[in-house]
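Throughout, protein chains are lettered first and strands after them, A, B, ... in sequence-line order, and every chain is numbered starting at 1.
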Number of protein chains: 2
Amino acid sequence: MNTNEGWTEVAFNGRDPVYLQVIRLFKERIATGRLQPGQQIPSRREAAAALKINLNTAQRAYKEMEEQRLIVTEGNSPSRITQDAGVLRAIRSELLGSAVGGFVAAIRNLDVPVEELLELVRREYETVRRQDDKQDKKPGIEQGRGDE
Amino acid sequence: MNTNEGWTEVAFNGRDPVYLQVIRLFKERIATGRLQPGQQIPSRREAAAALKINLNTAQRAYKEMEEQRLIVTEGNSPSRITQDAGVLRAIRSELLGSAVGGFVAAIRNLDVPVEELLELVRREYETVRRQDDKQDKKPGIEQGRGDE
DNA sequence: CAAGGTGTATGAAGGGCATAATACACGTAT
DNA sequence: ATACGTGTATTATGCCCTTCATACACCTTG
């Protein structure tokens, strides 16, 4: 019954398309080992319910994940995480690379001394990771979009 | 005639709303001193033409910049950069803070060792800034190329 | 005065995204 | 066989963003 591993308390930002955020969510789970190669993932309907999104949106995310070879589906049984080593290895570096690239692109025109920049990142990173540690304790059931 | 300081060859990403990217463009120009407090900025129509966007989109960006007190407009004369010290001071830290915050949020779930992370940022940052230097060499401004 | 440049406003059109509501074919467990 | 859960489509509605095309009031310049 409980294909739900930890899908509650997922927050979407109001700017990026939801289906892309779902894909990134899966990539993160895969990259960190929370989802293992060959492991079954929630059905489209389960995921839609758990993430509180529409079935069509979940389907769109899954469909694109299949095109990216992230997941595989045979027949009408639940989809599974790929076992393709190349794809798996690429995930983490892709997430990391696009994040770093986007960040640098965002501040490249600001003339920030590199050391100051790194210090800001370090401080924020450690702050956030401390918060994550606290969060891990409670079984929150909260969710919603971060619209402002 | 040449209210155009360097508005050509501005590239927009296909994800964020254009009017928001325009606002960020102005904020960067202000933060780095390329736009000075009190300085006149291009008219809506000029900006739209230079940035190759619609007048309405430019107007929307300008309108929101006025609500954010970034620019001021009196009567029907060209808008000018604010001289409000508080607003001016906030710009850089806002750009920097949101960039850092977004970046860390993007990689917070990846379990990346902080030193590795910082090294990636440093390398990418220096790479990109080297590219900027090359670009800065040519003072002549020819028409940029339309992307598509 | 007439012309041209301002800021400003409006309506129509289209694309992308998300949602809702069904619908169908396929398996499996009861 | 019935029921249920899969994956997969389809149609419609609505919102946001962008573009195109006008339009008006104001001021300055010729």
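Ranked by how close their nearest DNA chain C nucleotide is to the 5' end, B/Leu55 and A/Arg60 are led by B/Leu55.
Regarding contacts with the backbone of C/dG27, every side-chain N or O of A/Ser77 stays at 4.0 angstrom or more from both OP1 and OP2. Within the structure, every side-chain polar atom (N or O) of A/Thr73 is placed at least 4.0 Å from both OP1 and OP2 of D/dT6. The side chain of A/Ser43 places an N or O atom within less than 4.0 Å of a non-bridging phosphate oxygen (OP1 or OP2) of D/dT6.
The side-chain contact (heavy atoms from CB on, under 4.5 Å) test with A/Ile30 singles out one residue from A/Thr82, A/Ile81, A/Ile71, and that residue is A/Ile81.
Applying the 3.5 Å distance criterion, the base of C/dA25 shares no donor-acceptor pair with the side chain of A/Asn76.
Listed candidates were D/dG7, C/dT8, C/dT19. Nearest to the side chain of B/Gln59 is C/dT8. The side chain of B/Pro17 sits closest to D/dC17 out of D/dA9, D/dC17, D/dG7. Relative to the side chain of B/Asn54, the nucleotides D/dC20, D/dA9, C/dA9 differ in distance, and D/dC20 lies closest.
Salt bridge present: B/Arg122 and A/Glu115 bring a charged side-chain N and a carboxylate O closer than 4.0 Å.
Taking atom OH on A/Tyr62 and atom C1' on D/dG7, their separation rounds to 12 Å, with Å as the unit. Straight-line distance from the CZ atom of B/Arg45 to the P atom of D/dA23: 14 Å, rounded to whole Å. In this structure, A/Arg44 atom CZ and C/dA23 atom P are separated by 22 Å, rounded to whole Å. Spacing between atom NZ of A/Lys63 and atom C1' of D/dG7 amounts to 12 Å, rounded to whole angstrom units. Atom pair B/Arg80:CZ and C/dG7:P shows a separation of 13 Å (rounding to whole Å applied). Atom P of nucleotide D/dC20 and atom CG of B/Asn56 are separated by 10 Å, given to the nearest angstrom. What separates CD of A/Glu64 from P of D/dT8 is a distance of 14 Å, to the nearest Å. Between the C1' atom of D/dC17 and the CG atom of B/Leu20 lies a distance of 10 Å, rounded to the nearest Å.
Taking the six-membered ring for Trp and the full ring otherwise, B/Phe26 and B/Tyr62 have centroids separated by under 6.0 Å.
Looking at heavy-atom distances under 4.0 Å, B/Tyr19 makes contact with sugar-phosphate atoms alone, never a base.
With hydrogens and angles ignored, the 3.5 Å screen pairs no side-chain donor or acceptor of B/Arg69 with any backbone N or O of B/Val87.
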Practice task
Kindly indicate, with the supporting measurements, whether the criterion side-chain hydrogen bond (donor to acceptor under 3.5 Å, both in side chains) is fulfilled by A/Gln68 and A/Lys27.
Solution key: CA-CA 11 Å; A/Gln68 294 182 21; A/Lys27 288 183 177 175; 3.1 Å; yes
